[in-house]
Amino acid sequence: MDMKIVLQTAVEKAAKAAMAAGKLPQGELPEILLEVPPQKEFGDFASNFAMQAARSLKTNPRSIAQAIVEELREDWLEKVEIAGPGFLNFYLNPRWVHELLAGILAQGDRYGSTKHGAGQRIQVEFVSANPTGPLHVGHGRGAAVGSALVNLLRAAGYDVASEYYINDAGNQIDNLALSVEARYLELLGQTVEFPADGYHGEDIVDTARRIVEHHGDRFLKLSVAERREQFKEIALQEKLAALKEDLAAFNVQFDHWFSERTLHEADAIQSACKALREKGYLYEQDGAQWLKSTAYGDDKDRVVIRDNGVPTYLAADIAYHRNKMERGFEQLINIWGADHHGYICRVKAAIASFGYRPEQLEVLILQMVSLFRDGELVKMSKRTGQSVTLTELMEEVGTDAARFFFIMRSIDSQLDFDLNLAKSRTNENPVYYIQYAHARICSIFRQAEEAGVDTTDLSAAELSLLSSQWEVDLIKKLGEYPEEISQAAAERAPHRIARYVHDLAGQFHTFYNQCRIVGVEAELQTARLALAKGVQSAIRHALAVLGVSAPDRM
RNA sequence: GCGCCUGUAGCUCAGUGGAUAGAGCACCGGCCUCCGAAGCCGGGUGCGCAAGUUCGAUUCUCGCCAGGCGCACCA
């Protein structure tokens with residue numbers, strides 16, 4: 001079915017036949033790579049195989065190409081040309097695009113899903129923001145990219161579990177409790193000094209206000225320790241609920257919310273330290289326990305248990321990643337902000353210390369996000385004076401645009417987020433361009449049905465009628481989709497899907513403007529409807545991967 | 001000082017060891033008695049600098065220059 005594989009096999013066979021016939025010297029053959037050429041004058045597929053083989057066969061590329069061409073005798077191959085320094089350009093019998101489309105249509109809504117990941121168990125952990133305040137736009141990028149990556153890996157056949165690590169233990173949670181307490185006391189008219197590492201967000205005041213509403217001043221009667229303990233729980237539950245709500249609104253779901261506390265409660269940290277000590281990767285110095293991370297290329301060893309006996313954040317993370325591996329994942333992917341990149345080495349060191357391969361943990365680093373409005377950098381929210389929250393962004397530009405803009409760039413690039421562009425409901429906006437193509441196809445089907453055409457079964461369409469350059473080009477573009485999914489998944493690069501579906505939508509718009517669908521001769525109409533159907537399902541599939549809606553009308 | 005990311009068109013960014021390096025925005029000019037003009041068609045002297053590897057480098061390596069982010073017994 002896959003034409004590339006058929007071609008690869010044929011070329012390999014021809015090369016071996018040429019060797020057997022003495023037209024080529026014996027030798028190792030490189031992998032036969034096929035690509036869609038940059039221009040269609042160079043054929044349907046092209047290969048640089050002859051150039052790659054030149055060295056091992058000690059023959060000039062054009063001679064190799066010539067020998068292969070002479071041995072290629074396939075009826076589906078219209079012609080093969082040797083071009084430039086030795087490219088093989090393959091021109092296929094036009095029938096192949098119609099067979100390609102028939103295969104696409106037979107897969108229906110599943111078209112685009114592949115078996116590339118072959119059931120490999122993989123975990124993706126992302127966002128994992130501290131439950132001490134609202135998500136900001138940086139978390140938004142992680143949430144959009146992470147959820148799209150999960151969808152993408154699933155589309156490529158991986159067995160994926162998504163996870164959020166809740167930092168519900170440690171200093172930041174104590175500071176949360178102290179902050180809420182301070183606001184609570186203020187609301188009850190006391191003068192208090194706000195904690196040095198406290199959280200200044202308006203949401204903390206809201207939490208305190210709700211506590212006053214529900215419980216009045218009864219916490220004043222408790223001991224300070226007891227009061228803080230209770231505030232800690234109340235605030236934590238509230239922050240967590242808010243996080244879940246914001247993420248759900250942003251079309252982000254997690255299979256598992258993993259609590260850091262459970263590690264402390266189950267003694268997982270002590271047990272992990274013990275295991276490390278036994279393996280010789282943990283030692284004591286200056287009263288503290290150190291991980292020997294320099295053994296795996298870190299700049300310095302890292303403290304795991306402080307001299308006061310309290311574990312560091314790294315200690316919990318070591319236990320957490322050990323736990324992940326023990327759950328049987330073959331591959332872990334963590335998505336972190338650029339400000340955490342220095343942390344990668346020590347966590348990998350910990351994983352390696354437990355006897356796993358460090359490559360089993362992949363850390364994807366997301367570069368920073370800058371918001372721009374009217375060409376000006378937006379530093380703070382006008383409303384709150386704090387960082388702009390994900391919720392504010394969703395309110396301003398909508399979930400679809402926010403997700404698409406976060407995903408459409410490579411994670412390695414800093415992201416300049418143009419609020420005006422994302423917000424515009426006009427032709428400037430790439431999100432609407434794609435959604436418009438989908439809505440347009442839906443509209444075509446509505447028109448066809450009104451005209452009495454049965455559009456439910458197009459399997460009898462005579463696809464060979466699709467012979468114009470616009471139709472052929474569109475089918476070829478459509479045919480590239482599954483490989484795009486596999487490739488994007490392998491590269492952990494959801495932005496490739498954003499780009500692909502934008503290109504596909506453009507190709508469809510061109511086709512639409514050149515080829516009338518509804519109202520032409522019946523057989524041709526059916527064939528064009530079938531093509532539109534295939535494009536529709538691919539756009540839907542791709543937008544679903546991105547977590548962006550595919551509206552039937554706009 | 002060390003580490004990670006980036007430097008491609010006026011702006012924001014894709015892209016590739018190969019044949020004429022692309023898209024969106026912006027700008028200019030065309031296209032609706034016809035399936036949605038949120039659309040289509042046309043308009044382009046650009047890979048930070050300098051060396052190396054290679055038949056071939058914008059892509060790989062080294063060195064500079066510039067920007068971002070880090071460099072805690074914080075998380």
Side-chain angles (χ1 to χ4, degrees), chain A residues 35 37-39 41-42 46 48 51-52 54-55 60-61 83-87 89 128-130 132 167 169-173 175 197 260 286-290 298-300 302-308 310-317 337-345 363 365-368 370 372 375 405 408-418 420-421 424-437 439-448 450-451 495-496 498-499 502-503 505-506 508-520 525 528-529 532 553-554:
Chain A
E35 57 175 13
Q39 292 137 63
E41 295 75 52
F42 296 142
N48 62 357
M51 281 121 80
Q52 298 296 347
R55 190 161 322 169
N60 78 66
F87 285 102
N89 292 339
S128 299
N130 285 340
T132 53
N167 296 117
N171 284 336
Q172 78 282 357
I173 295 301
N175 287 332
D197 295 321
E260 180 189 346
D286 305 329
Q289 304 281 325
W290 298 72
D298 202 357
D299 298 337
K300 47 179 283 195
R302 306 289 170 174
V303 170
V304 173
I305 309 288
R306 301 179 178 98
D307 52 13
N308 62 8
V310 177
T312 62
Y313 181 79
L314 177 61
D317 240 356
D339 51 342
H340 284 69
H341 82 264
Y343 205 75
I344 297 172
C345 195
V363 181
I365 292 300
L366 279 174
Q367 297 301 315
M368 300 287 165
S370 306
F372 287 83
F405 274 61
M408 71 179 178
R409 303 303 186 204
S410 156
I411 62 169
D412 291 331
S413 287
Q414 290 172 41
L415 181 63
D416 282 0
F417 194 116
D418 183 339
N420 302 79
L421 182 61
S424 83
R425 310 199 124 253
T426 68
N427 54 357
E428 301 160 356
N429 192 325
V431 185
Y432 293 113
Y433 183 83
I434 298 162
Q435 292 180 323
Y436 184 68
R440 191 176 233 181
I441 294 171
C442 293
S443 170
I444 290 166
F445 276 95
R446 287 194 293 269
Q447 301 268 348
E450 274 168 33
H495 77 275
R496 289 184 56 137
R499 175 159 293 267
H502 188 266
D503 290 349
F508 176 78
H509 285 309
T510 298
F511 157 73
Y512 172 89
N513 275 275
Q514 294 294 336
C515 304
R516 195 177 166 85
I517 300 171
V518 176
V520 297
Q525 175 175 271
R528 286 179 172 165
L529 281 170
R553 6 178 146 240
M554 298 170 64

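In what follows, every chain begins at residue 1, and chains take the letters A, B, ... in the order their sequences are listed.
- Using a 4.0 Å heavy-atom cutoff across all strands shown, A:A46 reaches at least one base atom of the nucleic acid.
- Residue-level contact check: A:D339 touches the backbone only, with heavy atoms under 4.0 Å from sugar-phosphate atoms and none from bases.
- A:R553 comes within 4.0 angstrom of a nucleotide base, judged by non-hydrogen atoms across all strands.
- In the interface, the side chain of A:N89 is paired with the base of B:A19 through a donor and an acceptor atom under 3.5 Å apart.
- Closest to the side chain of A:A288, from the set B:A14, B:A75, B:C73, is B:C73.
- Of the candidates B:A19, B:C69, B:G39, the closest approach to any side-chain atom of A:H509 belongs to B:G39.
- Between the CG atom of A:L415 and the C1' atom of B:C5 there is a distance of 14 Å, rounded to whole Å.
- Separating the CZ atom of A:R496 from the C1' atom of B:G15 is a distance of 9 Å, rounded to the nearest angstrom.
- What separates CD of A:Q414 from P of B:A14 is a distance of 11 Å, to the nearest Å.
- Remark: the separation of the P atoms in B:U20 and B:G1 is 42 Å, to the nearest Å.
- Residue A:F372 is out of contact with every strand shown, counting any heavy-atom pair closer than 4.0 Å.
- Contact annotation for A:H502: backbone-only contact, meaning every heavy-atom pair under 4.0 Å involves sugar-phosphate atoms and none involves a base.
- Residue-level contact check: A:D197 touches neither bases nor backbone, having no heavy atom under 4.0 Å from any strand.
- If you check B:G36, B:A14, B:U20 against the side chain of A:Q39, the one that comes closest is B:U20.
- Note: CG (A:L366) to C1' (B:U6) measures 14 Å, nearest angstrom.
- When the nucleotides B:C35, B:A19, B:C73 are ranked by their closest atom to the side chain of A:V303, B:C73 comes out on top.
- Within the 4.0 angstrom heavy-atom criterion, base atoms lie near A:N48.
- Summarising the geometry, the separation between CD1 on A:I434 and C1' on B:A23 is reported as 12 Å, rounded to the nearest angstrom.
- Using a 4.0 Å heavy-atom distance criterion, A:M51 is classed as a base contact.
- Comparing B:A38, B:A19, B:G68 by their nearest atom to the side chain of A:Y432 picks out B:A38.
- The side-chain ring of A:Y436 is not stacked on the base of B:G36, judged by centre separation under 5.5 angstrom and plane angle under 30 degrees.
- In this entry the distance linking CD1 of A:I517 with P of B:C35 reads 12 Å, nearest Å.
- The side chain of A:A83 lies closest to B:A19 when the candidates are B:A19, B:C5, B:U12.
- No close placement of the A:Y436 and A:Y433 rings is indicated, their centers lying 6.0 Å or farther apart.
- Nearest nucleotide to the A:M368 side chain, out of B:C69, B:A14, B:A75: B:C69.
- Of the candidates B:A19, B:A37, B:C73, B:A37 carries the atom nearest the A:R440 side chain, counting heavy atoms from C-beta on.
- Scanning all heavy atoms of the two residues, the minimum distance from A:N513 to A:R440 falls at ND2-NH1, 4.1 Å.
- Note on A:Q172: only backbone sugar-phosphate atoms sit closer than 4.0 angstrom, heavy atoms only; bases stay farther off.
- The side chain of A:Y343 approaches B:A75 more closely than any other nucleotide in the set B:G39, B:A75, B:C13.
- A stacking contact between A:Y512 and B:C40 is absent: the pair does not combine a ring-centre distance of less than 5.5 Å to the base's six-membered ring with planes differing by less than 30°.
- If you check every strand for non-hydrogen atoms under 4.0 Å, A:S413 touches sugar and phosphate atoms only.
- Base pairing of B:U53: no nucleotide in any strand meets the Watson-Crick or G-U wobble criterion (both distances under 3.5 Å).
- A:A439 comes within 4.0 angstrom of a base, heavy atoms only.
- Set against B:A75, B:G36, B:C41, the side chain of A:T510 has B:C41 as its closest nucleotide.
- Nucleic acid contact for A:C442: none, since no nucleic acid atom lies under 4.0 Å from a heavy atom of the residue.
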